[in-house]
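Start at 1 and go down the list; that is how both ligands and their atoms are numbered. If you read the sequence from its start, that first residue is 1, and numbering goes on from there. Just so it is clear, the structure is predicted and the values come from calculations on it, not from any experiment.
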Amino acid sequence: MKTILVTGGAGFIGSNFIHYLLGNYSEYKVINLDLLTYAGNLENLKDLAHHGNYLFIQGDISSSALLEAIFKANPIDYVVNFAAETHVDRSIREPEIFVRTNVLGTANLLNVARKYWVNRDDSYGGNKFIQISTDEVYGSLSAKGFFTEDTPYNPRSPYSASKAGADLLAQSFYATYGFPVVITRCGNNYGPYQFPEKLIPLMINNALQKKPLPVYGDGLQIRDWLYVEDHCAAITLVLQKGKVGTVYNIGGRNEQTNLQVVKTIINYLQKHVDPLITVDLIKHVADRKGHDRRYGIDPTKIQTELGWSAQTPFHIGIEKTIRWYLEHQEWLANVTSGEYQSYYQKIYGRLEQ
Ligand code: NAD
Ligand code: TYD
């Protein structure tokens, strides 16, 4: 049995990862450490509450006392660090919390893990720390070319700058202490349990209520979309076979403009839910400050070294995702009550006027 400390496991990708891991393997025990910020939701994991290989702890990766207690009480073999503030728009309004969690929290987690792992075995034999990073650390592409693992850092939002800071710390721990870090950098994920502040669930939620669909600027910005389950499979492979001290880009070669994505959602809902959900709901609004124009990932390394490739074509993944939201409207209603309403008013309030 191997014990994995998953941080941020009550969020979107983390909860999918825990489901994926416990659903496919019996030899892993998962300890999920999550602060339960607005983005963390135990509803995402309620089916696992009594699973024998699953334990939830509420807490902050920035607390060294808490991390020390967890490492002391449990034989942690691996860490997968998802915990982060993740929304670019929020980072533009409140950058400090991004530095606190993403940079200082990751530094703390690296430091405590090092302290406990080095005590057990000077060579860190068998331990691994996976830092879940993002393609956004590479900045913005023009129409040509792709991000490879060697593309220089050029983060352009407070969110991506804080993730780049975390990457650099993780890399410094490998260079300085030989600490067994692997960094993964993926593109935009989509799928079940994504909080509806991000493009796809926000558009599904608004369209179902026939509210305006706020497209920033011309809507021709490009993102490289990856179905979350494919991402979880890639992280699992990296955990099992990834080479320490290296980086893996994870992408599905699936670039779409934001308008293409929004229109795909509209078409599905118009056909299957309500003919009144039409492109007339699209409303072009002021562009995001410093908006990255294009992300495009070259995943050749993980394909050739670890044999991973994305299995879910976008037209299948987006239908599965929309259907999941249609079948989980109570989940959607719960996460969009409370704090979400004041957030939405702050960012999009003008749309309703
Ligand atoms: P999310 O916002 O849905 O979830 C983040 C989780 O972290 C939440 O459960 C939250 O409660 C928890 N958290 C926040 N601060 C914490 C703290 N100080 N201590 C402990 N827990 C804390 O995010 P996500 O979309 O699931 O992203 C997970 C990771 O993947 C992040 O590191 C993000 O940067 C990275 N990533 C996400 C995407 C994407 O498309 N969603 C793309 C590339 C990389
Ligand atoms: P988002 O889901 O916030 O992810 P990221 O900024 O990390 O790529 O946004 C995806 C794209 O969709 C991005 O180009 C911004 C755009 N967008 C809109 O046009 N309208 C919206 O309401 C949101 C949330 C995003």
Side-chain angles (χ1 to χ4, degrees), residues 6-17 32-42 44-45 57-63 66-67 80-92 97-98 100-102 104-106 108-109 130-137 140 157 159-160 162-163 166-167 184-191 193-203 205-206 212-226 228 231-232 235 250-251 256-259 261-262 282-288 290-295 297 335 344 347-348 351:
V6 173
T7 66
F12 163 49
I13 306 175
S15 60
N16 276 284
F17 178 70
N32 174 13
L33 170 66
D34 195 299
L35 185 56
L36 298 182
T37 68
Y38 76 92
N41 185 356
L42 284 185
N44 301 358
L45 297 152
I57 299 172
Q58 182 172 3
D60 193 333
I61 57 166
S62 308
S63 163
L66 174 64
L67 291 183
V80 184
N81 183 26
F82 293 101
E85 288 292 333
T86 62
H87 189 35
V88 173
D89 292 320
R90 289 188 192 247
S91 82
I92 293 167
I97 180 72
F98 286 72
R100 212 179 312 140
T101 287
N102 300 0
L104 299 178
T106 301
N108 190 45
L109 190 55
I130 315 284
Q131 173 61 16
I132 305 296
S133 183
T134 166
D135 60 355
E136 301 192 25
V137 300
S140 184
S157 72
Y159 162 68
S160 52
S162 67
K163 292 295 290 184
D167 266 36
T184 61
R185 297 187 186 133
C186 63
N188 287 60
N189 283 225
Y190 68 103
Y193 303 113
Q194 188 168 31
F195 192 76
E197 64 185 353
K198 305 281 168 66
L199 180 73
I200 288 180
L202 187 142
M203 295 297 168
N205 186 39
N206 281 21
L213 306 179
V215 169
Y216 298 160
D218 62 9
L220 299 180
Q221 305 84 2
I222 291 171
R223 296 293 181 265
D224 194 346
W225 293 95
L226 178 65
V228 65
H231 186 200
C232 294
I235 297 167
I250 306 175
Q256 309 264 344
T257 67
N258 293 337
L259 268 179
V261 171
V262 173
I282 292 176
K283 180 151 184 184
H284 288 269
V285 298
D287 210 348
R288 176 186 276 172
H291 201 166
D292 287 344
R293 194 66 180 168
R294 175 178 163 242
Y295 302 144
I297 292 181
V335 300
Y344 194 89
I347 302 263
Y348 304 102
L351 282 182

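- Closest of all the heavy-atom pairs between Pro214 and Asn206 is CD-ND2, 3.8 Å.
- Here atom 44 (C) of ligand 1 lies nearest to Ser133 when heavy atoms of Gly8, Ser133, Ala39, Ser160 are compared.
- At under 3.5 Å, not a single nitrogen or oxygen of Lys198, backbone or side chain, sits near a nitrogen or oxygen of ligand 2.
- On a distance-only criterion, Arg288 and ligand 2 share at least one N/O pair closer than 3.5 Å.
- Protein heavy atom nearest atom 15 (C) of ligand 2, with residue, atom name and distance: His291 NE2, 3.4 Å.
- At a heavy-atom distance under 4.0 Å, no atom of Ile200 approaches ligand 2.
- Here the protein heavy atom with the shortest distance to atom 4 (O) of ligand 1 is Gly11 CA, 3.4 Å.
- Donor-acceptor pairing under 3.5 Å is lacking for the side chains of Tyr159 and Glu85.
- The shell of residues lying under 4.0 angstrom from ligand 1, judged by heavy atoms, includes Tyr159.
- When hydrogens are left out, the protein atom nearest atom 32 (O) of ligand 1 is Lys163 NZ, 2.7 Å; that is the closest non-hydrogen contact.
- The nearest heavy-atom contact from the protein to atom 5 (C) of ligand 1 is Ala84 O, 3.5 Å.
- With contacts defined as side-chain heavy-atom distances shorter than 4.5 Å, the pair Val137/Arg185 qualifies.
- Protein heavy atom at the shortest distance from atom 23 (O) of ligand 1 is Thr86 CG2, 3.2 Å.
- For the ligand labelled ligand 1, residue Gly105 lies outside the 4.0 Å heavy-atom shell.
- Under a 4.0 angstrom heavy-atom cut-off, Ser15 registers as lying outside contact with ligand 1.
- Ligand 2 has a nitrogen or oxygen under 3.5 angstrom from a nitrogen or oxygen of Arg223.
- Tyr193 is listed as a side-chain neighbour of Asn16, based on a closest heavy-atom distance under 4.5 Å.
- Every residue two or more places apart in sequence or in another chain was checked for a salt bridge (charged side-chain N to carboxylate O under 4.0 Å, His left out) with Arg223, and none qualifies.
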Stepwise side chain to side chain donor-acceptor pair (under 3.5 Å) test for Asn108 and Ser62: CA-CA 6 Å; Asn108 190 45; Ser62 308; 5.8 Å; no
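- With respect to atom 11 (O) of ligand 1, the closest heavy atom belonging to the protein is Asp34 OD1, 2.6 Å.
- Every residue two or more places apart in sequence or in another chain that forms a ring pair (Phe, Tyr, Trp, His ring centres under 6.0 Å) with Phe17 is listed here: Phe82.
- Distances from atom 41 (N) of ligand 1 to the heavy atoms of Asn44, Leu109, Ile13, Leu33 show the closest one on Ile13.
- Scanning Trp225, Tyr190, Tyr216 for the heavy atom closest to atom 18 (C) of ligand 2 points to Tyr216.
- Closest heavy-atom approach to atom 10 (C) of ligand 2 among the candidates Val88, Leu199, Asp292: Leu199.
- Note on ligand 2: Tyr159 sits outside its first shell, no heavy atom being nearer than 4.0 Å.
- Counting only heavy atoms of the protein, atom 17 (C) of ligand 1 lies nearest to Asp60 OD1, 3.6 Å.
- Ligand 1 has Gly59 within reach: a non-hydrogen atom of the residue lies less than 4.0 Å from it.
- Contact annotation: Ile132 has at least one heavy atom less than 4.0 Å from an atom of ligand 1.
- Ligand-side atoms of ligand 2 in range of His87: 3 (O), range being under 4.0 angstrom from any heavy atom.
- In this structure, Phe82 has a heavy atom closer than 4.0 Å to ligand 1.
- In terms of polar-atom proximity, Pro214 is counted as a contact of ligand 2, with an N or O under 3.5 Å from an N or O of the ligand.
- The single protein non-hydrogen atom nearest to atom 40 (O) of ligand 1 is Asn189 N, 2.8 Å, given as residue, atom name and distance.
- Nearest-heavy-atom check against atom 16 (C) of ligand 2 across Asn258, Asp218, Thr86 picks out Asn258.
- Protein heavy atom in closest approach to atom 21 (N) of ligand 1: Leu35 N, 3.1 Å.
- In the model, Tyr344 has no side-chain atom that pairs as donor or acceptor with a side-chain atom of Asn205 under 3.5 Å.
- Contacts of Glu136 with ligand 2, taken as heavy-atom pairs under 4.0 Å, involve the side chain alone.
- Of all protein heavy atoms, the one lying nearest to atom 24 (C) of ligand 2 is Glu197 O, 3.2 Å.
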